[in-house]
Enquirer: 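First, the structure itself, so that you have it in front of you.
These values consider heavy atoms only, across backbone and side chains, with no hydrogens, waters or symmetry-generated copies.
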Amino acid sequence: MTNLTVAKLLKSKPLQEVEIKGWVRTFRAKRFVALNDGSTLNNIQCVVDFENTDEDTLKRITTGAAVSITGELVESQGKGQSVEIVVSKLEILGDSDPETYPIQPKKHSFEFLRENAHLRTRTNTFSAVMRLRSSLSFAIHKYFNENGFNYMHTPIITASDAEGAGETFRVSTLDQKNPPLNDDGSVNHKEDFFGKETNLTVSGQLEAETFAMSLGKVYTFGPTFRAENSNTSRHLSEFWMIEPEVAFMDLAGNMDLAEDFMKSVIAYVLEHNKEDIEFLNDRLLNEEKTKPQAERSELSLTEKLTFVTENNFKRVSYTEAIDILRNSKPNKKKKFNYIIEEWGADLQSEHERFLVEKHFKCPVILFDYPADIKAFYMRLNEDGKTVRAMDILFPGIGEIVGGSQREERLEVLKEKMAALDIPEEELWWYLDLRKYGTAVHSGFGLGFERLVMFVTGMTNIRDVIPYPRTPQNAEF
RNA sequence: UCCUCUUUAGCUCAGUUGGUUAGAGCAUCUGACUGUUAAUCAGAGGGUCCUAAGUUCGAGUCUUAGAAGAGGAGCCA
């Protein structure tokens with residue numbers, strides 16, 4: 001393996017002899033190869049002496065072919081690039097039949113590229129998106145590492161479905177056609193691989209709480225699975241989630257952490273992935289031009305990102321938000337599909353969008369939600385009606401973070417579980433945390449793909465994960 | 001799961017009121033040209049009009065059912 005990359009060559013001064021391998025993006029005028037190796041968005045131009053190269057080799061320089069090029073790095077004679085390689089030796093490593101190669105040097109629709117997801121990272125947009133995904137993932141680990149968090153691997157296969165975060169995928173090795181049955185005709189899971197009913201995890205939160213109550217500050221970053229039949233541009237059946245959990249931290253601290261975290265990782269990619277963000281910014285600007293004036297967004301991608309890093313998130317209680325919504329124009333003129341009347345109503349995405357995009361025009365943290373519309377483990381406030389939950393809403397994305405201070409009082413937690421028919425036997429270990437050395441603690445969950453969407457400006461979640469799993473689709 | 005829209009060449013799309021041999025741009029191939037930047041010019045090949053059934057003398061076009069894709073809603077991250 002050589003350390004030489006196109007990214008390094010493009011920043012280099014002239015060099016006597018260089019060898020570089022990559023894939024042909026275009027071959028113009030039998031002379032100019034645009035070569036890309038994935039290290040950067042940009043191609044390096046390689047100038048072929050076509051008069052002294054045999055015809056067979058020239059014909060095999062086609063879009064998508066893998067080649068090895070040796071030559072001299074010189075200042076470019078033409079405009080459009082500062083340096084180029086004068087080719088002395090060109091070797092075809094892998095041919096690419098132009099009759100059948102699906103990625104043409106032209107614009108493709110994202111729908112078409114999704115069907116060719118194994119090749120779509122050979123385009124500028126998807127290589128930029130996936131480099132950003134990788135960079136963001138690193139920024140997340142870096143942030144937690146520098147702030148004293150321990151990285152925890154929570155189990156993928158779990159037995160409890162107690163959280164009720166949606167439909168789960170069952171994990172079983174029983175014979176599907178002829179499973180062992182109980183006397184009452186139900187499937188006997190005692191004979192299953194784990195001796196009980198198991199499923200793919202919907203969240204690592206409950207396990208993360210156990211580590212928070214011993215290691216103090218922990219986070220998980222791994223795949224989660226939901227078998228919901230959701231067909232939207234914001235949902236996946238398999239997605240990656242980041243879940244920090246911190247002992248002795250209350251809801252206010254949780255909001256501080258979430259805001260600082262979001263600002264920090266976005267600032268990281270703004271600094272380290274300038275080229276890719278600029279490219280995606282320009283791509284969006286061009287796309288916006290095709291829309292009518294009224295539908296265009298006020299801020300460009302880079303402006304939106306710097307806006308997040310430089311402004312404080314607006315913190316608003318659920319009760320205040322209901323007042324704002326109740327007195328808002330769309331509510332009075334009945335423009336909302338769901339009219340806000342009573343305290344206690346769940347907010348719909350149209351309401352969240354109104355608050356973020358029209359009213360406050362910045363990221364918003366909503367907190368202290370009615371207990372009835374939130375999960376059982378959230379800390380009940382002294383008013384007995386609300387819980388210490390918080391959601392962060394981002395423009396264009398909606399809910400990106402959901403978190404809470406956890407209920408640390410054993411008796412209150414037991415009452416909540418009883419009210420919701422959650423059997424204590426299933427979560428005995430979770431209750432133990434409240435029996436032995438219980439303490440205030442908090443955490444949140446962040447959908448990684450939604451963060452990648454925000455940072456790249458992509459509008460379909462299937463375009464920010466390598467191989468999306470959605471209902472009726474598990475190709476690749 | 002619900003609502004709406006879409007499905008015609010490798011890709012993006014047009015196709016009139018149901019009427020002869022289904023078109024364009026790009027891509028591909030052949031030739032010309034050669035310091036190009038989505039190169040240019042000339043020519044050629046390329047179609048199970050998503051599937052099935054129906055109406056009709058005749059269906060890419062109309063009807064019904066199904067499949068796939070997209071957008072929105074719900075659920076959520």
Enquirer: Can you check whether any acceptor in the base of B:C75 is under 3.5 Å from a donor in the side chain of A:S230, or vice versa?
Expert: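 Donor-acceptor pair under 3.5 Å: yes.
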
Enquirer: Nearest to the side chain of A:Y338, heavy atoms from C-beta on, is which of B:G25, B:A39, B:A73?
Expert: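 That would be B:A73.
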
Enquirer: Could a donor-acceptor pair under 3.5 angstrom be found where the side chain of A:Q81 meets the base of B:U36?
Expert: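 Between B:U36 and A:Q81, which were checked side chain against base, a qualifying N/O pair under 3.5 Å is present.
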
Enquirer: Is there a side-chain contact between A:R353 and the phosphate of B:A73, meaning an N or O under 4.0 Å from OP1 or OP2?
Expert: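 Looking at the OP1 and OP2 atoms of B:A73, one of them is under 4.0 Å from a side-chain N or O of A:R353.
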
Enquirer: Kindly point out which of B:C29, B:U1, B:A70 is positioned nearest to the side chain of A:N231?
Expert: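 Of all the options, the side chain of A:N231 is nearest to B:U1.
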
Enquirer: Tell which nucleotide pairs with B:A68, taking only Watson-Crick or G-U wobble pairs whose two distances are both under 3.5 angstrom.
Expert: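 Paired with B:A68, as far as the under-3.5 Å criterion goes, is B:U6.
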
Enquirer: Which atoms form the tightest heavy-atom contact between A:E399 and A:E352, and what is the distance?
Expert: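 So the minimum-distance heavy-atom pair works out to N-OE1, 4.0 Å.
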
Enquirer: For A:S237 and A:F32, find the nucleotide of RNA chain B closest to each by heavy atoms; which residue's nucleotide sits nearer the 5' end?
Expert: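 Nearest-nucleotide comparison on RNA chain B picks A:F32.
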
Enquirer: Only one of A:D276, A:N273, A:T121, A:T40 forms a side chain to side chain donor-acceptor pair (under 3.5 Å) with A:R131, so which one is it?
Expert: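 So, applying the side chain to side chain donor-acceptor pair (under 3.5 Å) to A:R131 and each of A:D276, A:N273, A:T121, A:T40, only A:D276 qualifies.
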
Enquirer: Hey, is the side chain of A:R31 pairing donor to acceptor with the base of B:C33 inside 3.5 Å?
Expert: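 No, no donor-acceptor pair under 3.5 Å.
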
Enquirer: If every non-hydrogen atom of A:D368 is compared with every non-hydrogen atom of A:Y318, which pair is closest and at what distance?
Expert: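 Looking at all heavy atoms of both residues, the closest pair is O-CB, 3.3 Å.
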
Enquirer: Whole angstroms only, please: what is the NZ-P distance between A:K107 and B:C13?
Expert: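 The distance from NZ of A:K107 to P of B:C13 comes to 13 Å, rounded to the nearest Å.
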
Enquirer: So, does the side chain of A:H235 form a donor-acceptor pair with the base of B:C76 at under 3.5 Å?
Expert: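 Yes, the side chain and the base share a sub-3.5 Å donor-acceptor pair.
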
Enquirer: Quick check: on RNA chain B, is the nucleotide nearest A:M241 upstream (toward 5') of the one nearest A:V47, or the reverse? Name the residue that is more 5'.
Expert: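 Closer to the 5' end of RNA chain B: A:V47.
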
Enquirer: Quiz question: going by heavy-atom distance under 3.5 Å, is there a donor-acceptor pair between the base of B:G10 and the side chain of A:Q104?
Expert: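 Result: at least one qualifying N/O pair found.
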
Enquirer: What verdict does the salt bridge (Lys or Arg N to Asp or Glu O under 4.0 Å) test give for A:K21 and A:D37, after you've listed the backbone C-alpha separation in whole Å, the side-chain angles of each residue and the deciding distance to 0.1 Å?
Expert: CA-CA 7 Å; A:K21 290 168 186 161; A:D37 69 350; over 6 Å; no

Enquirer: When you measure from the side chain of A:S233, which nucleotide among B:G25, B:G71, B:U34 comes out closest?
Expert: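 Out of B:G25, B:G71, B:U34, the nucleotide with an atom closest to A:S233's side chain is B:G71.
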
Enquirer: Can you tell me which nucleotide in B:A77, B:U12, B:G35 comes closest to the side chain of A:F112?
Expert: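 So the side chain of A:F112 is nearest to B:U12.
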
Enquirer: I want to verify a distance call: between B:C75, B:A70, B:U1, whose nearest atom is closest to the A:R234 side chain?
Expert: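 Among the listed nucleotides, the one closest to the side chain of A:R234 is B:C75.
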
Enquirer: Using atom P in both nucleotides, what's the gap between B:A44 and B:C26 to the nearest angstrom?
Expert: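 Per the computed distance, 15 Å lies between those P atoms.
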
Enquirer: Measure from CD on A:E350 to P on B:G72 and round the result to the nearest Å.
Expert: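 To the nearest whole Å, that distance equals 14 Å.
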
Enquirer: Indicate the ring-plane relationship of A:F448 and A:F221, choosing parallel, tilted or perpendicular according to the 30° and 60° boundaries.
Expert: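 Correct class here is perpendicular.
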
Enquirer: In whole angstrom, give the distance that lies between atom CG of A:L58 and atom P of B:U34.
Expert: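 Result: 15 Å.
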
Enquirer: Is there, by distance only and without an angle test, a donor paired with an acceptor across the side chain of A:E84 and the base of B:G35 below 3.5 Å?
Expert: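 Per atom types, the contact qualifies.
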
Enquirer: Starting from P on B:G71, measure out to CD1 on A:I461 and report it in whole angstrom.
Expert: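 Checked: the CD1 to P distance equals 12 Å.
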
Enquirer: Respond yes when some side-chain nitrogen or oxygen of A:N460 is under 4.0 Å from OP1 or OP2 of B:G71, and no when none is.
Expert: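 Indeed, a polar side-chain atom of A:N460 lies that close.
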
Enquirer: Taking OP1 and OP2 of B:A68, is either one under 4.0 Å from a side-chain nitrogen or oxygen of A:Q472?
Expert: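 For B:A68, OP1/OP2 do have a side-chain N/O of A:Q472 under 4.0 Å.
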
